[in-house]
Amino acid sequence: MSDIAARTTEDRPELKRVMGPGLLLLFVVGDILGTGVYALTGKVAGEVGGAVWLPFLCAFIVAMLTATSYLELVTKYPKAGGAAVYTHKAFGIHFLTFLLTFAVMCSGLTSASSASKAFAANFFSAVKLDPDRGSVLMITALAFMALIALVNLRGVGESVKANVVLTLVELSGLLIVIAIGAWALSNGDGDTARLTEFNTPDGESPFGAVTAATALAFFAMVGFEDSVNMAEETKDPVKIFPKIMLTGLTITGVIYVLVAISAVALVSPEELNKGATPLLKVVEAGAPDFPLQIFAWITMFAVANSALINMLMASRLLYGMSHEKVLPGPLGRVLHKRRTPWVAIVFTTLLAFFLIGYADLTALGGTTALLLLCVFAIVNVAVLVLRRDKVEHKHFHAPTALPILGCILCVYLASPLSGRASADYEIAGWLMVIGVGLWAITWLLNKYVFKRKSDFDPSHLDQSGPVN
């Protein structure tokens, strides 16, 4: 193991262990819930048709396979969290660690940008306005992202109590959809025959439609990987992490499938695919007397939280990589009074502005899923490589077949074979070009200007991924 990898578990001060099983479960569930299901259910329906529940189920299975790899790693190294740390322990290649870390950061930007677009759409539904031009929605999304930047500049401390409140709000909206669907179907409303219908354009099989939809629906399942960063604040993580993470994934998987069934039973896939507020249409169809403004505000609250947390994560990651001398030094500058990384915040906000103006909601969600599928594929390999590194304490051990199958499925869903849209690769490619360019500039400055060697220690970074 390299010296840098060794330092990821040594010489680090202990954090206060305040999270028991209940709070950890709320963290896992709250991290997964969010923009994905609130905004992209209709887009998934547009890909697959009435069987919209099936891609969410497939995405859940892939996430569950990868979760077993994270569980082995977090229980084996309970003081070292995040995909970048695991990757560096396994391979010891600085550039690979950088690419993976930057991919996580970019997934946060695309996730936050999709949340901004969803926020704008739900805002106009909440205030009962119908903008006649798409530019109005875009301006609103950009203004919302600017507001997020201002909050970020002031500094936002996330607490466990705040996470509990936000999780309950996000969860309440989805339970409302499920309850309305159950009530409407029990009264004979809706059309359950749609649940087995597939949207198969000429030359495409149902299998192709499902895989293309799964590649997008996977966006709704990401977030479970963030919980490994709470290992040092969790009471007895080796014992409770496996049970809690798998339980949290199962809860969200069941909720997503039930939401998808309620949605397509009450609203046709074609109608769900129109606009960025599919679940509002479900509530309106199943319970016309329900105050839609309340649900619109719940949705806004959920996606706003996703955008804020992701932009916080992205700016902190950029700041951390600058601090470790793998990105240009100015990105590490902070405000004198607020002590917030203002250059990193401005840079990530400008990238988010570009994404909001350049890509639609489907492409942003698809790009987020693409980036994280690549990260998950590497983690599934890393867990097998690190089996040669023995530890003294007992830990969760994933059956060897699960990481292998998880890697294969992640690579498949990230590849063009899954039917993934070309826009996903285009956006992800440009983001990674920007990252590699920044890395190259830093390398040249360190080598020829400052004459100092980069010493990247990924354990210092906050490896949070996008929050859905």
Side-chain angles (χ1 to χ4, degrees), residues 30-31 33-36 38-39 105-131 133-159 162-163 165-167 169-170 173 275-277 280 293-319 331 333-361 364-365 368 462 464-468:
D31 227 4
L33 298 179
T35 308
Y38 274 102
M105 189 211 75
C106 290
S107 69
L109 291 179
T110 53
S111 180
S113 299
S114 64
S116 296
K117 283 182 170 285
F119 177 91
N122 281 279
F123 172 78
F124 284 105
S125 295
V127 298
K128 293 185 177 181
L129 291 177
D130 185 17
R133 292 184 298 176
S135 58
V136 177
L137 286 171
M138 183 179 298
I139 291 172
T140 304
L142 292 171
F144 172 71
M145 183 57 68
L147 178 62
I148 290 292
L150 293 175
V151 175
N152 202 349
L153 284 168
R154 283 187 58 86
V156 178
E158 302 132 19
S159 68
N163 181 70
V165 174
L166 296 172
T167 298
V169 172
E170 293 173 342
T277 58
L280 271 176
Q293 295 91 334
I294 294 178
F295 191 83
W297 283 105
I298 290 175
T299 304
M300 287 170 58
F301 198 69
V303 299
N305 179 54
S306 296
L308 176 59
I309 293 177
N310 276 292
M311 292 305 291
L312 282 166
M313 178 275 296
S315 59
R316 290 172 68 193
L317 263 181
L318 210 62
Y319 166 81
L331 289 170
R333 293 178 180 172
V334 298
L335 289 174
H336 179 67
K337 292 184 178 181
R338 294 291 179 182
R339 307 303 299 171
T340 50
W342 72 271
V343 177
I345 292 171
V346 170
F347 184 81
T348 52
T349 301
L350 291 176
L351 278 180
F353 282 171
F354 168 76
L355 291 169
I356 291 171
Y358 178 77
D360 60 21
L361 188 60
L364 290 170
T368 304
D462 180 349
S464 301
V467 179
N468 288 325

- Message: Please find the pair of heavy atoms, one from L109 and one from M311, that lie closest to each other, and give the distance.
- Response: CD2-SD, 3.7 Å
- CA sep, side-chain torsions, deciding dist, call: L350, F354, side-chain contact (heavy atoms from CB on, under 4.5 Å): CA-CA 6 Å; L350 291 176; F354 168 76; over 6 Å; no
- Sub-4.5 Å side-chain heavy-atom contact between L318 and P341: no
- Query: CZ/F301 to OG/S306 distance, rounded to the nearest 0.5 angstrom?
  - Reply: 11.0 Å
- Message: Nearest 0.5 Å, please: how far is CZ in R316 from CG in N152?
- Response: 9.5 Å
- Item | Interatomic distance, I148 atom CD1 to L312 atom CG [nearest 0.5 angstrom] | 8.0 Å
- Which atoms form the tightest heavy-atom contact between N310 and A112, and what is the distance? CB-CB, 3.9 Å
- Message: Could you measure the distance from the OG atom of S315 to the CH2 atom of W342? Nearest 0.5 Å is fine.
- Response: 13.5 Å
- Taking T299 for the side chain and F295 for the main chain, is one N or O donor matched with an acceptor at less than 3.5 Å? yes
- Message: I need the minimum non-hydrogen distance between Y38 and A302, along with the two atoms involved.
- Response: CE1-CB, 3.8 Å
- Query: Who pairs with T110 by side chain to side chain donor-acceptor pair (under 3.5 Å), at least two apart in sequence or on another chain?
  - Reply: T368
- Task: For the residue pair F123 and L137, establish whether any side-chain heavy-atom pair is separated by less than 4.5 Å.
- Result: no
- Here the gap from Y319 atom OH to T348 atom OG1, rounded to the nearest 0.5 Å, amounts to 14.5 Å
- Task: Locate the shortest heavy-atom distance separating F144 from S116; write the atom from each residue and the value.
- Result: CD2-OG, 3.5 Å
- Note on the structure: Minimal heavy-atom distance between I345 and A149, with the atoms involved, is CG2-O, 4.0 Å
- Is a side-chain donor or acceptor of K117 paired with a backbone partner of I356 at a separation under 3.5 angstrom? yes
- Query: Is there a donor-acceptor pair under 3.5 Å between the side chain of T340 and the backbone N or O of L153?
  - Reply: yes
- Query: Closest approach of G365 and S114, non-hydrogen atoms and distance?
  - Reply: N-CB, 4.5 Å
- Say whether, by atom type as modelled, one donor and one acceptor occur between the side chain of N122 and the main chain of A118 under 3.5 angstrom. yes
